[in-house]
Enquirer: 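Take this structure first; my questions come after.
Ligands are counted one by one from 1 in listed order, and the atoms in each one are counted from 1 as well. Because only heavy atoms are used, hydrogens play no part in the values below, and waters and symmetry mates are left out as well, while side chains stay in.
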Amino acid sequence: MITVSICASKHYDVCIQRGLLPQAGEYIRNVAGGMTAAIVTDDTVDALYGEVLRESLQAQGYRVVKFVIPHGESSKNAANYIALLNYLAEQSVTRTDCIVALGGGVPGDLAGFTAATYLRGVSFVQIPTTLLAMVDSSVGGKTAIDLDAGKNLAGAFYQPDLVLCDTDVLQSLPADVFADGCAEVIKYGIILDEELFDRLKQPIYPQLEQVIARCVQIKRDVVMQDERDLGLRQLLNFGHTIGHAVEANSNFAVSHGSAVAIGMCIAANIAAAQNLCSQECAQDIYDMVRAYGLPTNTNYTAEQLSAAAQKDKKRSGDSIHLILPSKIGRCEIHKTPVAQLQDIMEVGLS
Ligand code: GLY
């Protein structure tokens, strides 16, 4: 097993190993006392893995209750958040009990925000079942729900007590959902680790545990320096500001990973056009994104993308931070006036 220890406002381990799910109860028992474990999952994941997790928790003496949401981003809403809080109260879940998120980013974010606020905070374990959740959303403590005005607009920084990544479960992922996670993996290589980027030129499956661990280590190193996203952590948003604009324009029909892939390519174009990186660097980014079956461009116009990007929650006043590559393994944060955003997008799309 590979274990990555994270020491942020909470100290916790991210454990990565094939076949971990049936042993989840034992690992959870080591970090969370209490009588009750409340599983939060979606209907797709529940059908595949809900019973395995329940049995594993019951074997450790937990009373198990379960809250199942329909799969998909639209479930990460305020109504489900309130319903989950009420469910936990009805089930007499107490301060010493724990919430276990089983699934991708949607159950993870909803469960995490609920764990942060129910009784002012209860123990929280993440069992991510997508590559994207393993390398990004389950680690680092960002939790949120979506509001009508946008994605992740209400949330909290709330670190989990444990993250369990069973890579066997990735075998049940549809190819496009797996590729979504690959976009985040590629991102880590571009922003901070050329060696990881080079490693991704080889098939990913035989090195999955190592690649996930490397991504988690990179995120750990960033989060431990800037847990509350005030500086360095913004690097993790490479491809995301433009990606969120693509997602928003598509009304979330374009998946997060595909949108980030497009965002990374547009950002690479911008950087190359401004001589911040070489043409070869931008081409390497394109080639890698394409090699993982991800899209590299969009039909949305610069006007549409900049209008959506201006609503990004990371906008501060009249400027927005764009993350642009200077070479593979190094990116920089560029404070960009929103008034210039459309022109810059135009450059990125050309
Ligand atoms: N997903 C970006 C971050 O955790 O900061």
Enquirer: Taking ILVMFWY side chains as joined if any heavy atoms are under 4.5 angstrom apart, and letting links pass through other members, which residues group with Ile262?
Expert: Ile242, Val246, Val254, Ile266, Ile270, Leu276, Tyr300, Leu305, Ile320, Leu322, Leu324, Val338, Leu341, Ile344, Met345, Leu349
Enquirer: Are a donor atom and an acceptor atom from the side chains of Glu184 and His240 found within less than 3.5 Å of each other?
Expert: yes
Enquirer: Using the six-membered ring of Tyr188, assess whether NZ or CZ of Arg214 lies under 6.0 Å from its centre and within 45 degrees of the ring axis.
Expert: no
Enquirer: Could you tell me which residues satisfy side chain to side chain contact (heavy atoms under 4.5 Å, CB included) with Thr143, sequence neighbours excluded, listed by chain and number?
Expert: Phe113, Ala156, Tyr158
Enquirer: Output all residues satisfying side chain to side chain contact (heavy atoms under 4.5 Å, CB included) with Thr296, sequence neighbours left out; order by chain, then residue number.
Expert: Cys265, Tyr286, Val289, Arg290
Enquirer: Does ligand 1 have any N/O atom under 3.5 Å from a protein N/O, and what are those pairs and their distances?
Expert:
unit_1   : atom_1 : unit_2 : atom_2 : d
ligand 1 : 1 (N)  : Asp136 : OD1    : 3.0
ligand 1 : 1 (N)  : Asp136 : OD2    : 3.1
ligand 1 : 4 (O)  : Lys219 : NZ     : 2.7
ligand 1 : 4 (O)  : Arg233 : NH2    : 2.8
ligand 1 : 5 (O)  : Lys142 : NZ     : 2.9
ligand 1 : 5 (O)  : Arg233 : NE     : 2.7
ligand 1 : 5 (O)  : Arg233 : NH2    : 3.4

Enquirer: Quick check on the hydrophobic clustering: are Tyr49 and Val106 connected, directly or via other members, by side-chain heavy-atom contacts under 4.5 Å?
Expert: no
